[in-house]
Amino acid sequence: MEIDGAYGTRLHVTEFGGSGPGILLLHGLTDHAGTWASTAAWLTAYGRVVGYDARGHGRSGRPDGPYHRDAFVGDAAAVIERLGLGPALVIGHSMGGLTAWQLAGRRPELVRGVVIGDMSPVTPADGLRRWRDWLDDWPVPFASLDEVRAYFGAARPALGEVFAGVMRQGPDGWWPLAHRAHVLAAAEHWQARDHRPELALVRCPALVVAGGRSDEPVERQREAAALLPDARFAVLPESGHVLHREDPAGWRAAVEPFTATLLR
């Protein structure tokens, strides 16, 4: 399914199933909606589960712009409104977590609760440079998906599968679905910023889940939970950044009780 998001961008929407209250899943930078398949499989017991590929990602439109925060928040609002999901439980990972709390603060009538997966409220001053350097190191095009898995999953095999899911095959090999310029344009609008003032605007119940082995500081995320007016906090000690793929059992154990209470 496709719908019109903010600024006329076409968004590719995935209906995972279920009925009842709306549950919207927001992936992180460079990812796509398919990353949520294992989470959606148990979430459908609690409501209608929907995800979408963010602008510039997956099968959604790849406009030259905009890639600022208003565009990403506007896209999430458009999906909720056009599919009648509101007020929705909004679950976001990384950049999607940032979008989730910004949406809840700006459009409270659309959001009944948020889950923020491994997103620090304060991003590093050199964050954009780190993203640029990391992307520049990718040996694209990859010769095969096995090469993708080996490159990204050397330390954590689950990450190899994550990145294998966001590649497309070209005549010369495998390339990321998200264009480098669009990834950096999106990152530019949330790196080197203090997002803590936004958290106080969120009035709905919230859950912050951090990865104990992530590059996102656990204490910053604990601080985020403390700044949210009605929040819970959990740490997955053995998980890195991509919680729902690296520790799916731990992720479910943290998120499902919150979901069940919120949507009962």
- prompt: Can you list the steps and then say if Leu26 with Leu103 is a side-chain contact (heavy atoms from CB on, under 4.5 Å)?
  reply: CA-CA 11 Å; Leu26 306 177; Leu103 175 67; 5.7 Å; no

- request: Applying ring-ring contact (aromatic ring centres under 6.0 Å, His included), run through Phe142 and Phe152 and close with a yes or a no.
  value: CA-CA 11 Å; Phe142 292 91; Phe152 292 104; 5.8 Å; yes

- prompt: Does the pair Arg112 and Leu263 meet the rule for a side-chain contact (heavy atoms from CB on, under 4.5 Å), with working shown?
  reply: CA-CA 9 Å; Arg112 74 170 71 205; Leu263 301 182; 3.3 Å; yes

- request: Any chance you could lay out the ring-ring contact (aromatic ring centres under 6.0 Å, His included) test for Trp36 and His27, step after step, and finish with the verdict?
  value: CA-CA 8 Å; Trp36 292 112; His27 65 76; 8.4 Å; no

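For the pair Gln191 (side chain) and Asp126 (backbone), a donor-acceptor distance under 3.5 Å is absent. Proximity of a side-chain donor or acceptor of Thr35 to a complementary backbone N or O of His32 within less than 3.5 Å is not detected. Checked by atom type and distance alone, the side chain of Arg220 never pairs as donor or acceptor with a backbone atom of Thr123 at under 3.5 Å. Thr259 places a side-chain N or O within 3.5 Å of a backbone atom of Val255 that can act as its donor or acceptor partner. Formation of a donor-acceptor pair under 3.5 Å by the Arg264 side chain with backbone atoms of Thr261 is found in this model. With Glu246 contributing its side chain and Val242 its backbone, the two residues share a donor-acceptor pair below 3.5 Å. In this structure, His195 contributes its side chain and Trp190 its backbone to a donor-acceptor pair below 3.5 Å. Between the His93 side chain and the Gly96 main chain, no donor and acceptor come within less than 3.5 Å of each other. In terms of modelled atom types and a separation under 3.5 Å, the side chain of His57 and the main chain of Arg55 share a donor-acceptor contact. Within the 3.5 Å criterion, the main-chain N or O of Ser120 finds a donor-acceptor partner in the side chain of Glu216.
Using a 4.0 Å cut-off between a side-chain N of Lys or Arg and a carboxylate O of Asp or Glu, Asp64 and Arg62 do not qualify as a salt bridge. The residues Arg129 and Asp133 are annotated as salt-bridged, a charged nitrogen and a carboxylate oxygen being separated by less than 4.0 angstrom. Under a 4.0 Å N-O distance rule, the pair Arg245/Glu161 does not qualify as a salt bridge. Ionic pairing of Arg107 and Glu109 is present here: one or more N-O contacts between side-chain nitrogen and carboxylate oxygen are shorter than 4.0 angstrom.
Side chain to side chain, Glu188 and Tyr67 fail the donor-acceptor criterion of an N or O pair below 3.5 Å. Between the side chains of Asp118 and His241, at least one donor-acceptor pair of N or O atoms lies under 3.5 Å.
Side-chain contact between Leu177 and Asp53: absent, with no pair of heavy atoms (C-beta onward) separated by less than 4.5 Å. Pro121 places none of its side-chain heavy atoms less than 4.5 Å from the side chain of Leu227. Counting heavy atoms from C-beta on, the side chains of Thr30 and Phe163 come closer than 4.5 Å. Taking the side chain as every heavy atom from C-beta outward, Arg180 and Trp138 never approach each other to under 4.5 Å. Between Arg149 and Pro157, the closest side-chain pair of non-hydrogen atoms is not below 4.5 Å. Considering only heavy atoms from C-beta on, Tyr7 comes within 4.5 Å of Pro66 through its side chain. Side chains of Leu29 and Trp131 form a contact here, defined as non-hydrogen atoms less than 4.5 Å apart. Side-chain contact check for Arg213 versus Glu238: some heavy-atom pair is nearer than 4.5 Å.
For Glu15, the side chain to side chain donor-acceptor pair (under 3.5 Å) test picks out Arg48, with sequence neighbours left out.
Residues Trp101 and Phe258 are members of separate hydrophobic clusters, defined by side-chain heavy-atom contacts under 4.5 angstrom among Ile, Leu, Val, Met, Phe, Trp and Tyr.
Heavy-atom minimum distance, Met119 versus Gln221: N-OE1, 3.2 Å.
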